Amino acid sequence: MKKKMVVVLLTGVLLAISACSNSAKADTSQSDGQNTKQSEVDKNKNEQTEDNNKNEVTDEVDKENNQMDQENNSIEIKVYVCNDDATAFVSESVKIDELTPENIVQVLIEKSVLSSDVQVLKCDKQTVDGVESLEIDFNEAFGAYVCSMGTTGEYYTIGSIVNTFLDAYGCEKVKITVEGNTLETGHAEYPGYMNRFE
């Protein structure tokens with residue numbers, strides 16, 4: 001009886017050992033599987049982080065390139081204004097995004113040559129009698145603004161516009177109208193093409 005019990009006991013112990021060992025193997029393989037999955041998750045996270053970092057670097061490079069493109073596309077023009085004692089024209093180089101009559105008028109507004117309600121309605125470049133010429137049509141606010149000035153103020157306002165536009169567009173003559181009509185002030189009429197002001 002004792003022998004059988006021992007055997008049974010031993011068998012039970014062996015079985016228990018065997019079961020434990022199988023369980024340990026299962027735990028180890030399960031643990032290995034979890035480690036592999038965790039490694040894959042970590043690897044994916046690292047790759048995503050690297051991709052995000054690459055994207056951020058690419059975005060920064062794109063922004064810098066766009067800024068450089070805008071700077072390269074910007075145009076430098078000379079803006080003419082009268083000096084402090086209103087005895088002569090002085091010029092200043094200014095950058096604008098692109099060469100448009102609206103951008104030139106905006107700069108003239110910023111330099112206090114024109115009032116903020118002045119707008120260009122039309123600006124055409126053409127050859128007249130073999131000479132590169134501009135025709136600029138302003139809104140009524142321009143006419144009212146120029147008419148409100150004294151003789152000297154009018155001279156330097158018209159001269160600033162003429163010289164700035166002629167330089168910017170590389171023309172020799174310019175004709176200024178107000179809503180399609182001849183510009184007339186209390187001091188002068190401007191029916192035809194004007195040359196550069198000195």
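Computed over heavy atoms, backbone and side chain alike; hydrogens, waters and symmetry mates excluded. All of these numbers come straight from a predicted model, not from anything done at the bench.
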Using side-chain heavy atoms (C-beta onward) and a distance below 4.5 Å, is [X] in contact with [Y]?
X      : Y      : result
Lys173 : Val128 : no
Ile77  : Tyr169 : no
Val94  : Glu110 : no
Asn83  : Phe89  : no
Ile161 : Leu114 : yes
Glu98  : Asn103 : yes
Cys171 : Phe165 : no
Ile158 : Met194 : yes

Neighbour count above 12 (heavy atom, 6.0 Å) for Asp129 CG: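 No, CG of Asp129 has 12 or fewer neighbouring heavy atoms, counting only those of other groups under 6.0 Å.
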Lys122 NZ: over 12 foreign heavy atoms closer than 6.0 Å: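 Counting neighbours around NZ of Lys122, 12 or fewer heavy atoms of other residues, nucleotides or ligands fall under 6.0 Å, so no.
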Taking atom [atom1] of [X] and atom [atom2] of [Y], what is their separation to the nearest 0.5 Å?
X      : Y      : atom1 : atom2 : result
Glu92  : Thr164 : CD    : OG1   : 10.5 Å
Met149 : Glu154 : CE    : CD    : 8.5 Å
Asn181 : Glu140 : CG    : CD    : 8.0 Å
Thr100 : Ile75  : OG1   : CD1   : 9.0 Å
Asp124 : Lys175 : CG    : NZ    : 11.5 Å
Leu99  : Ile104 : CG    : CD1   : 5.0 Å

Partners meeting side chain to side chain donor-acceptor pair (under 3.5 Å) with Asp167 (sequence neighbours left out):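 Residues passing side chain to side chain donor-acceptor pair (under 3.5 Å) with Asp167: Tyr80, Arg196.
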Nearest heavy atoms of [X] and [Y], plus distance in Å:
X      : Y      : result
Val79  : Lys111 : CG1-CG, 4.1 Å
Pro101 : Val120 : CB-CG1, 3.8 Å
Cys123 : Leu134 : SG-CD2, 3.9 Å

Can a donor-acceptor pair be found, under 3.5 Å and without considering hydrogens, that links the side chain of [X] to the backbone of [Y]?
X      : Y      : result
Tyr156 : Ala88  : yes
Asp117 : Tyr145 : no
Glu76  : Ser93  : no

Apart from Leu121 itself, residues in the same hydrophobic cluster as defined by side-chain heavy atoms under 4.5 Å: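 Members alongside Leu121: none; it stands by itself.
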Qualifying ring pair (Phe, Tyr, Trp, His ring centres under 6.0 Å) pairs with a residue from residues 172-198, counting only residues at least two apart or across chains: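 Only Tyr155-Phe197 qualify under ring pair (Phe, Tyr, Trp, His ring centres under 6.0 Å).
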Residues Glu172 and Ser133: side-chain donor-acceptor under 3.5 angstrom: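 No, no side-chain donor-acceptor pair sits under 3.5 Å.
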Check against side-chain contact (heavy atoms from CB on, under 4.5 Å), Val174 and Glu135: CA-CA 6 Å; Val174 62; Glu135 289 184 5; over 6 Å; no
Hphob cluster co-occupancy, Val90 + Ile109, side-chain heavy atoms under 4.5 angstrom: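 Yes, Val90 connects to Ile109 through the hydrophobic network.
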side-chain contact (heavy atoms from CB on, under 4.5 Å) partner of Asp137, chosen from Ile176, Leu183, Thr177: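 So the option named by the test is Thr177.
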